[in-house]
A.B. asks: 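Below is one structure. I have some questions about it.
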Amino acid sequence: MIGYIIRRLFYAIPILIGVNIITFALFFVVNTPDDMARAHLGVKRITPEAIALWKVERGYDKPLIINNNKTGAAVLTDTIFFDKSVRLFVFDFGRSDQGRDIGYDIKTRMWPSLAIALPVFLMGLAAYITFALLMAFFRATYVDFWGVVMCVAMMSISGLFYIIGGQYLVGKLWNLVPVSGYDGGIDAFRFLLLPVLIGVVSGIGSNTRWYRTIFLEEIYRDYVRTARAKGLSELRVLFRHVLQNAMIPILTGAVVVIPLLFMGSLITEAFFGIPGLGSYTIDAIQSQDFAVVRAMVFLGSVLYIIGLIMTDISYTLVDPRVRLE
């Protein structure tokens, strides 16, 4: 198992390096520091002096990859690539274009994002699998038929409808919870209840239908017919055999969303005024804070790779054949 994990980690290193190089090229080759300065300063304040000063204040005045004006290691280290890209591998995110410590902002804002995403993930996974198993148990009946109809209808509705409708119905009409905002401690529950509820409900349609398809594929396999021939009840077959053998596709969809637990939901946090990483990214894009956007892209790629590694590891837990291979 340890060797398997080490191999997966080594596979992830070149992927992360490639993502970092592509990100650097997009931000500093395709979109040069001069372009960043013009976009940040605005049309009225663009002068050669203002552009040069903006670049000096943010460390964008250095050469991109090789500094021929230096000697020794400084030829490579005193460059934009080293300061803005290589340092990311040790999670040194530096400072934003607004002068704030990006690392501190990420540590502060990740907790509100987790407070929303983690309950949505756990409660949603339990609800979706339960509904899908129920529809698979009553397959080819009215329960299954109307369940599919409900799933298709819910899939066809935009996520914004759930957010706006939930804010109006629960927040404004019934006055049960605040429409937007956030507070720390116990009071955070009032602000998180509605976003979590909407996050779970909005995913019922697509996720339940997908899990139902997985379970129905397993139900008609030979090992299920063999289990029924041995006299096992339908419930025991469904929960003991079908669910266990459907874990690989379930884990594929579940573990890959791990980056979203930390990165937050851009739309949900923006609409509900939650100071998480999702709204942090949106604010950075709107204010054209390229340093924050660059850091969030790198962090997202790291978390996504971690999610893929955890997916591979989880495969070995539910299917020993993967470990043997």
Side-chain angles (χ1 to χ4, degrees), residues 112-182 189-217 246 249-279 281-283 285-286 300 304 307:
S113 293
L114 279 173
I116 295 178
L118 193 58
V120 170
F121 173 71
L122 297 176
M123 295 170 58
L125 191 62
Y128 308 148
I129 292 178
T130 301
F131 292 152
L133 285 173
L134 182 66
M135 293 166 63
F137 181 78
F138 291 103
R139 60 192 176 278
T141 65
Y142 284 108
V143 174
D144 185 30
F145 174 78
W146 288 110
V148 173
V149 171
M150 182 193 70
C151 289
V152 173
M154 297 183 71
M155 289 171 57
S156 305
I157 300 174
S158 172
L160 292 177
F161 174 83
Y162 293 102
I163 295 176
I164 297 174
Q167 286 179 328
Y168 175 76
L169 183 65
V170 180
K172 290 187 177 181
L173 196 61
W174 294 344
N175 291 320
L176 297 178
V177 293
V179 175
S180 64
Y182 185 76
F189 177 78
R190 297 188 300 113
F191 295 95
L192 296 175
L193 182 61
L194 184 58
V196 170
L197 179 62
I198 291 176
V200 174
V201 172
S202 62
I204 288 178
S206 58
N207 288 287
T208 300
R209 193 164 182 265
W210 181 54
Y211 291 137
R212 171 186 174 274
T213 303
I214 294 174
F215 294 144
L216 289 181
E217 288 180 357
I250 290 176
L251 288 172
T252 302
V255 182
V256 169
V257 303
I258 285 179
L260 299 179
L261 300 182
F262 292 90
M263 299 297 290
S265 174
L266 302 179
I267 297 177
T268 301
E269 292 182 5
F271 268 85
F272 286 97
I274 305 296
L277 291 179
S279 59
T281 305
I282 290 291
D283 294 340
I285 294 173
Q286 292 177 344
Y304 190 78

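Position 1 is the first residue of the sequence; numbering continues from there.
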A.B. asks: Give, for atom CG of Asn207 and atom CZ of Arg209, the distance between the pair rounded to the nearest 0.5 Å.
C.D. replies: 12.5 Å
A.B. asks: Could you check whether atom CZ of Phe131 has more than 12 heavy atoms from other residues, nucleotides or ligands sitting under 6.0 Å from it?
C.D. replies: no
A.B. asks: Nearest 0.5 Å please: distance from the CD1 atom of Ile116 over to the CG atom of Leu193.
C.D. replies: 11.5 Å
A.B. asks: Determine the minimum heavy-atom distance between Ser180 and Gly273, stating which atoms define it.
C.D. replies: CB-N, 4.3 Å
A.B. asks: What closest approach, in Å, do Phe272 and Val179 show between heavy atoms, and which atom pair accounts for it?
C.D. replies: CD2-O, 3.1 Å
A.B. asks: Kindly write out the residues that satisfy side-chain contact (heavy atoms from CB on, under 4.5 Å) with Leu160, not counting sequence neighbours, or none if the list is empty.
C.D. replies: Ser158, Ile267, Phe271
A.B. asks: Here's a test for you: under side chain to side chain contact (heavy atoms under 4.5 Å, CB included), which of Val120, Leu118, Leu125 qualifies with Leu122?
C.D. replies: Leu118
A.B. asks: Give every donor-acceptor pair under 3.5 Å between a side-chain atom in residues 194-206 and any protein atom, sequence neighbours left out.
C.D. replies:
residue: Ser202; atom: OG; partner: Ile198; partner atom: O; Å: 2.9
residue: Ser202; atom: OG; partner: Gly199; partner atom: O; Å: 3.2

A.B. asks: Do you know which two heavy atoms are closest between Pro249 and Trp210, and how far apart they sit?
C.D. replies: O-CH2, 3.2 Å
A.B. asks: Which atom pair, heavy atoms only, marks the closest approach of Ile274 to Gly181?
C.D. replies: CD1-O, 3.4 Å
A.B. asks: Side-chain polar contacts of residues 137-148 - donor-acceptor pairs under 3.5 angstrom, sequence neighbours left out - could you list them?
C.D. replies:
residue: Arg139; atom: NH1; partner: Ala136; partner atom: O; Å: 2.9
residue: Arg139; atom: NH1; partner: Glu234; partner atom: OE2; Å: 3.4
residue: Arg139; atom: NH2; partner: Glu234; partner atom: OE2; Å: 3.1
residue: Thr141; atom: OG1; partner: Phe138; partner atom: O; Å: 2.3
residue: Thr141; atom: OG1; partner: Val143; partner atom: N; Å: 3.4
residue: Asp144; atom: OD1; partner: Arg212; partner atom: NE; Å: 2.7
residue: Asp144; atom: OD1; partner: Arg212; partner atom: NH2; Å: 3.4
residue: Asp144; atom: OD2; partner: Ala140; partner atom: N; Å: 3.2
residue: Asp144; atom: OD2; partner: Arg212; partner atom: NH2; Å: 3.1

A.B. asks: Could you report the tightest heavy-atom contact between Gly278 and Glu269, atom names first, then the distance?
C.D. replies: N-OE1, 2.7 Å
A.B. asks: Do side-chain atoms of Tyr162 reach the backbone of Met154 as a donor and acceptor pair under 3.5 angstrom?
C.D. replies: yes
A.B. asks: Any idea which heavy atoms bring Pro275 and Pro112 closest together, and the distance?
C.D. replies: O-CG, 3.7 Å
